[in-house]
Amino acid sequence: MPLYGSLDITQSPARLPTLPNLDTESWALPKAEMMQLLIEVPRSSTDGLLPKAMHPALPSYVILAVTKYPDSPVGPFTLAVLRLGSRAGAHPRGFLLGAVASTDAAAKELRTRWGFPVESGEVKFLRRHDRVMGTVKKAGKTILDCALVDPQPVSGTDVQYINWVTAANAPLDGATQPMLIQVDPKYTFFKSERGKPLVNEFDATAWNASGLKLAEPIVGTCCTVDTDLPRIRFVMDPLKPVYLGTRRIRESRVDE
Amino acid sequence: MKFGLFYEISIPRPWTRETERTVYNNCLEQVKLADELGFDHVWAVEHHFLEEYSHCSAPELFLTACAVLTKRIRVGHGIVVCVPEFNHPIKIAERTATLDLLSGGRLEVGTGRSATWTELGGFGANPDTTKKSWDEFVRCLPKMWMQETFSYQGEFWSMPERTILPKPYQKPHPPMWVAVTSPGTEIDAAERGLGSLGLSFAGFGEQEKKIKDYRRRIQSCEPVGAFVNEQVATTNFLFCHEDEKYGVEMGKKLGNTFNYLATQLISTREVYSSPSYQSLGLLPALRRAATGPEASEQQTEGMAYGDPARIIRAVKKWEELGVDCINFILNANEVVPQDQVMASLKLFAKEVMPVFAKKPANIKAAE
């Protein structure tokens, strides 16, 4: 049967974000500009990055995304994330390895409301006539310098974003414990472009992905979307196969 | 109603040199029995890099072995990937003609374009152009088979005048099909006068609509070959057992395993934003059905597992919907022991097949 990840997140719970509860309200995030680069990575370089409950995608790939949120409950911010393409049961998911937000307030709220492993840093989303660029600095050091080169218009219906899974501690059944949390934003597309991914600089260790090597670029997109961060609906046991260890903690939204 | 076998050739880990050989040998033993029992077709996919799910990357070789071991059953490519990075069209024409000769005119040629990034990316193919290259290939193949000499200038490939050899045994050429998974591909098949080789496990409602649309459109088709191959085939799982409960249980295990094996593969749409892959295709459909390898939930309706009476009811429903041929997946990751696969085939042939009288293939000469 399909391969499984090897990461046991219960062995190092202190390294995970901790949520005071699983009851966060949703955030509306209108007119976000979202650059997403998909890049294949050698399978061997993902060893130890994916939780035991999940399956790797074949071939292995990562999603580098830099998103400018002009309007949010904590004001404008820009967020850069690294996710590992994977599977929760049968479903494609991006497992969140690391994230950097451009404001302290955004980093704190994303960490404690949804369990994203976010730190604050300098995150820039820049648009030029022939490319969209994203740069991330932490403590003065560049940890990501990437671009979507030669963007060409495509239809929003051509673009598929997969849901997120993050590892965090959260209270459940009377105890705060490590778990996997699914975050499944919705997207309404206003503008979509496709181009070539280009990564000039990438510090894997700074993204909690020590050993990860970028290989073949797949494709990049940049879209303007109305999106959200919804209430948490599903949590998963980090050690059991997801099809056995998923718990619904809240009913689906009315639009599903 | 015609019945066939459909091979993905899924092979469980750990892969020793014996596991792959054993599974291939099991498949050949099944095909030999199916030939003796009166099954009509054996189809083999072309897939690459799809770990466990399908180790059938050289179907022309497997089908040649099938042809040599059998006397009557037809052998089918289900499908040949018509993308230049995978297969050069000259080689497709040559290989299929050779297989048609070796099988004594028993070849069916399914065509398609691949649906996974796992495969397209592996060959460095451009997902944006696979539909176009498929269209070029299927228009060229009949000419390459039939014309004494052939030359071509196209968008995806070209060649100066040469004689492509050998020529197929069947005249004017073998029947052609197209893999139908994504909604709308049945129309592509119909417009070109090709058979509809259904590879999805959709329920009755969705299949009925596809079949009606296909039948309607093919009436005014412009066939790419010398004749119209108006046939609708669908794919199913088969496990036939005297005990209904056991038959259903094992059939579900087979189906769940097959569906769950699709989990790790990357559908093109998941990673590569392209107008050429807007619909979800087969993998997401399998994933929707794959709640787990041992799930107990009811699978898609119309599955051919259980006791003979239950299977007869399912097949009759497919027949009522207008399906001409059902192709069966017999195993996935060897979860069904080989002796039980063989017993299932025998029981199906004894109790189910006689209920369904064969009707001649609906093949019309092109005007």
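Chain naming here is simple, since letters A, B, ... match the order of the sequence lines and numbering starts at 1 in each.
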Quiz item: Taking side chain as C-beta onward, heavy atoms only, is B:Val271 less than 4.5 Å from A:Gln160?
Solution: no
Self-check item: Region of B:Pro275 in contact with chain A, defined by heavy-atom distances below 4.5 Å
Solution: both
Exercise. Any chance you could measure B:Gln264, atom CD, to A:Met54, atom CE, to the nearest 0.5 Å?
Key: 11.5 Å
Practice problem: Taking the side chain as every heavy atom from C-beta outward, state whether B:Asp128 and A:Arg194 have any pair of such atoms under 4.5 Å apart. | Solution: yes
Quiz prompt | Interface moiety of A:Thr157 toward chain B, non-hydrogen atoms closer than 4.5 Å | solution = both
Quiz item: Rounded to the nearest 0.5 Å, how far does CG of A:Leu58 lie from OH of B:Tyr53?
Solution: 13.5 Å
Quiz item: Is there side-chain contact between B:Ser273 and A:Thr221, with heavy atoms separated by less than 4.5 Å?
Solution: yes
Exercise. For the residue pair A:Val159 and B:Arg269, establish whether any side-chain heavy-atom pair is separated by less than 4.5 Å.
Key: no
Quiz item: At what distance, to the nearest 0.5 angstrom, does CE of A:Met1 lie from CG of B:Asn333?
Solution: 6.5 Å
Exercise. May I ask you to test the A:Ile218-B:Trp117 pair for a side-chain heavy-atom distance under 4.5 Å?
Key: yes
Quiz item: Counting only heavy atoms not in B:Arg17, do more than 12 fall under 6.0 Å of its CZ?
Solution: no
Practice problem: Using a cut-off of 6.0 Å, state whether more than 12 heavy atoms not belonging to B:Lys131 lie near its atom NZ. | Solution: yes
Practice problem: Determine whether more than 12 heavy atoms belonging to other residues, nucleotides or ligands lie under 6.0 Å from atom CZ of B:Arg21. | Solution: no
Quiz item: If you count the non-hydrogen atoms of other residues, nucleotides and ligands that lie under 6.0 Å from CD in A:Glu216, is the total more than 12?
Solution: no
Quiz item: Relative to chain B, which segment of A:Glu40 carries a heavy atom at a distance below 4.5 Å: side chain, backbone, both, or neither?
Solution: side chain
Quiz item: Can you find a side-chain donor-acceptor pair between B:Glu270 and A:Tyr61 that sits under 3.5 Å?
Solution: yes
Quiz prompt | Under 4.5 Å from any heavy atom of chain B - which part of A:Leu3 | solution = both
Self-check item: B:Leu261 to A:Pro2 - nearest heavy-atom pair and separation
Solution: CD2-CD, 4.2 Å
Exercise. Look at A:Ser192, A:Gly85, A:Pro56 and state which one has the largest set of heavy-atom pairs under 4.5 Å with chain B.
Key: A:Pro56
Exercise. Mark yes when over 12 heavy atoms from residues, nucleotides or ligands other than A:Lys31 sit less than 6.0 Å from its NZ; otherwise mark no.
Key: yes
Self-check item: Option in B:Ser274, B:Ala332, B:Gly121 with maximal non-hydrogen atom pairs under 4.5 Å from chain A
Solution: B:Ser274
Quiz item: With a 4.5 Å heavy-atom cut-off, do A:His91 and B:Thr263 have their side chains touching?
Solution: no
